[in-house]
Amino acid sequence: KETKDQLVIDAGQKHFGATMCKSCGMIYTASNPEDELQHVQHHHRFLEGIKYAGWKKERVVAEFWDGKIVLVLSHDPSYAIRKVEDVQELVDYELGFQQVVPRCPNRTKTFLFISDEKKVVGCLIAEPIKQAFRVLSEPTVPESPSSKECHRAWQCSDVPEPAICGISRIWVFRLKRRKRIARRLVDTLRNCFMFGCFLSTNEIAFSDPTPDGKLFATKYCNT
Ligand code: ACO
Ligand code: ZN
């Protein structure tokens, strides 16, 4: 439901009766009982998932006036791994990923942006890679805007280029977007992924970007 509403909003249409919840960010039709029920369920799960009480041993890799970035590695204590799994589940739900992928495999690095309200408002999951394929200029024109597949049908070059770090997920809480949280997550990743060097934008690759992801990546890599 949420994904569908999002697409309607993305298309720039006015959806009569659509409301956005000021705490969980879900867009739903308040007059529709089915929608309302779905919202209540999402609301509790979401707020529980992003709650961050603070850990005794946390790896703070960057600090800002409005929050901090914590790095979680696969061998970290189970409370940290569990939080990463909860957040990834919310992110995958929002991105429309159905399949449950093995969470936090060995070489995965997860960066969580923690707001000063003690909530996880951003998440970046990265893993080492050897090569990537450049996305060619413009996406193929989607036939029907309602199909999600069409939105992801970018054309990729078939020439592999060397890369070091793959971003498998990047996500920012809907109500905190356009505050440079994603940018700060990627800056921090470039600084921390390999000890002692700052990765260039050519050495990082975004996997299967969404329209939002592509807009961000294009902007980020040009600046
Ligand atoms: N439309 C146009 N430009 C954008 C957008 C957008 N939706 N998002 C970011 N940009 C550009 C802007 O130029 C922006 O700078 P400005 O605000 O000064 O103009 C610049 O990128 C930096 O943006 P940030 O504020 O750092 O990005 P934000 O914190 O809002 O997060 C993100 C961007 C992660 C894509 C967010 O919109 C999101 O979570 N979307 C939903 C999940 C998603 O689609 N994630 C990407 C999946 S692809 C993958 O995971 C590999
Ligand atoms: Zn809500």
Side-chain angles (χ1 to χ4, degrees), residues 1-7 9-12 18-30 32 35-51 62 64 66-67 69 84 87-97 99 101 108-115 119-127 129 132-135 139 148-149 151-154 156 163 165-190 193 201 204-223:
K1 258 279 151 38
E2 196 191 8
T3 326
K4 196 166 143 229
D5 287 337
Q6 180 62 46
L7 286 176
I9 302 290
D10 277 347
T19 321
M20 188 198 278
C21 175
K22 287 195 180 71
S23 340
C24 75
M26 180 169 167
I27 300 161
Y28 64 102
T29 312
N32 179 332
D35 250 32
E36 268 183 278
L37 180 64
Q38 238 176 3
H39 169 236
V40 170
Q41 289 169 343
H42 176 266
H43 189 95
H44 293 296
R45 202 162 140 248
F46 185 85
L47 292 181
E48 203 51 43
I50 66 167
K51 204 191 278 172
F64 305 99
D66 57 346
I69 297 178
V84 164
V87 173
Q88 189 180 339
E89 199 177 312
L90 296 169
V91 173
D92 284 358
Y93 173 79
E94 196 175 320
L95 290 173
F97 290 0
Q99 196 187 7
V101 281
T108 304
K109 292 187 162 107
T110 305
F111 296 81
L112 300 176
F113 193 105
I114 314 292
S115 72
K119 297 214 166 88
V120 180
V121 295
C123 170
L124 187 161
I125 304 178
E127 61 210 354
I129 54 168
F133 300 89
R134 197 166 288 276
V135 175
K148 200 147 193 171
E149 269 76 44
H151 283 274
R152 292 228 180 125
W154 321 117
C156 285
C165 170
I167 297 178
S168 80
R169 307 274 195 296
I170 183 160
W171 167 88
V172 171
F173 176 32
R174 201 193 297 278
L175 302 172
K176 297 282 183 185
R177 288 186 192 158
R178 304 304 287 269
K179 295 179 192 299
R180 316 218 140 199
I181 290 177
R183 181 180 283 280
R184 287 180 277 170
L185 280 166
V186 182
D187 285 345
T188 305
L189 162 75
R190 289 168 66 193
F193 194 73
T201 52
I204 58 171
F206 293 81
S207 75
D208 187 23
T210 57
D212 272 351
K214 191 162 179 272
L215 285 166
F216 166 74
T218 309
K219 179 74 185 185
Y220 182 89
C221 293
N222 289 338
T223 49

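Since the model is a prediction, treat every value here as computed from it, not as a measurement. Just follow the structure's listing: the first ligand is 1, and inside any ligand the first atom is 1.
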Could you tell me whether the side chain of I125 reaches within less than 4.5 Å of the side chain of I167, counting heavy atoms only?
-> no
Give a yes/no on ligand 1: does Y220 have at least one heavy atom closer than 4.0 angstrom to it?
-> no
Measure the CD1-CG distance between I170 and D212 for me, rounded to the nearest 0.5 Å.
-> 11.0 Å
Nearest protein heavy-atom contact for atom 41 (C) of ligand 1: which residue, which atom, what distance?
-> R177 NH2, 3.4 Å
Under 4.0 Å, heavy atoms only, figure out whether ligand 1 is touched by the backbone of V91, its side chain, both or neither.
-> neither
Under 4.0 Å from a heavy atom of P209: give me the atoms of ligand 1 that qualify, with their elements.
-> 48 (S)
Mind telling me whether Y220 and F216 have parallel, tilted or perpendicular rings, with 30° and 60° as the class edges?
-> tilted
Could you check which of L185, D212, D187, I170 puts a non-hydrogen atom nearest to atom 45 (N) of ligand 1?
-> I170
Looking only at heavy atoms, is any part of K179 under 4.0 Å from ligand 1, and if so is it the side chain, the backbone, or both, or is it neither?
-> backbone
Per-atom filter on ligand 1: closer than 4.0 angstrom to a heavy atom of I167 are 51 (C)
Establish whether atom 6 (C) of ligand 1 and some protein heavy atom are separated by less than 4.0 angstrom.
-> yes
Atom indices of ligand 1 within 4.0 angstrom of R169 heavy atoms, with elements = 50 (O)
For residues S168 and E127, determine if any side-chain heavy atom of one lies less than 4.5 Å from a side-chain heavy atom of the other.
-> yes
In terms of ring plane angle, is the pair F113 and F64 parallel, tilted or perpendicular, where the classes change at 30° and 60°?
-> parallel
Residue, atom name and distance, where the atom is the protein heavy atom closest to atom 51 (C) of ligand 1 = S207 O, 3.0 Å
Where ligand 1 meets K219 - atom numbers and elements under 4.0 angstrom, heavy-atom basis | 11 (C), 12 (C), 13 (O), 20 (C), 21 (O)
Starting from atom 26 (O) of ligand 1, locate the nearest protein heavy atom and write down its residue, its atom name and how far away it is, to 0.1 Å.
-> R183 N, 2.9 Å
With the Zn ion (ligand 2) as the point of reference, which N/O/S atom of H43 is the closest?
-> ND1
For A182, take its heavy atoms, then give the atoms of ligand 1 lying under 4.0 Å from any of them.
-> 26 (O), 27 (O), 28 (P), 29 (O), 31 (O), 33 (C), 34 (C)
Got an N, O or S from H42 under 2.8 Å of the Zn ion (ligand 2)?
-> no
Short N-O contact, D66 and R184, less than 4.0 angstrom | yes
Would you call S168 a ligand 1 contact, heavy-atom distance under 4.0 Å?
-> yes
For atom 8 (N) of ligand 1, which of E94, K176, R178 has the closest heavy atom?
-> R178
Pair E48 + K51, salt bridge at N-O below 4.0 Å | yes
For atom 47 (C) of ligand 1, what is the nearest protein heavy atom, given as residue, atom name and distance?
-> T210 OG1, 3.3 Å
Would you mind reporting whether Q38 and Y28 have side-chain heavy atoms less than 4.5 Å apart?
-> no
Nearest non-hydrogen protein atom, atom 39 (O) of ligand 1 = V172 N, 2.7 Å
Distance to 0.1 Å, residue and atom name: give those for the protein heavy atom nearest to atom 23 (O) of ligand 1.
-> F216 CD1, 3.6 Å
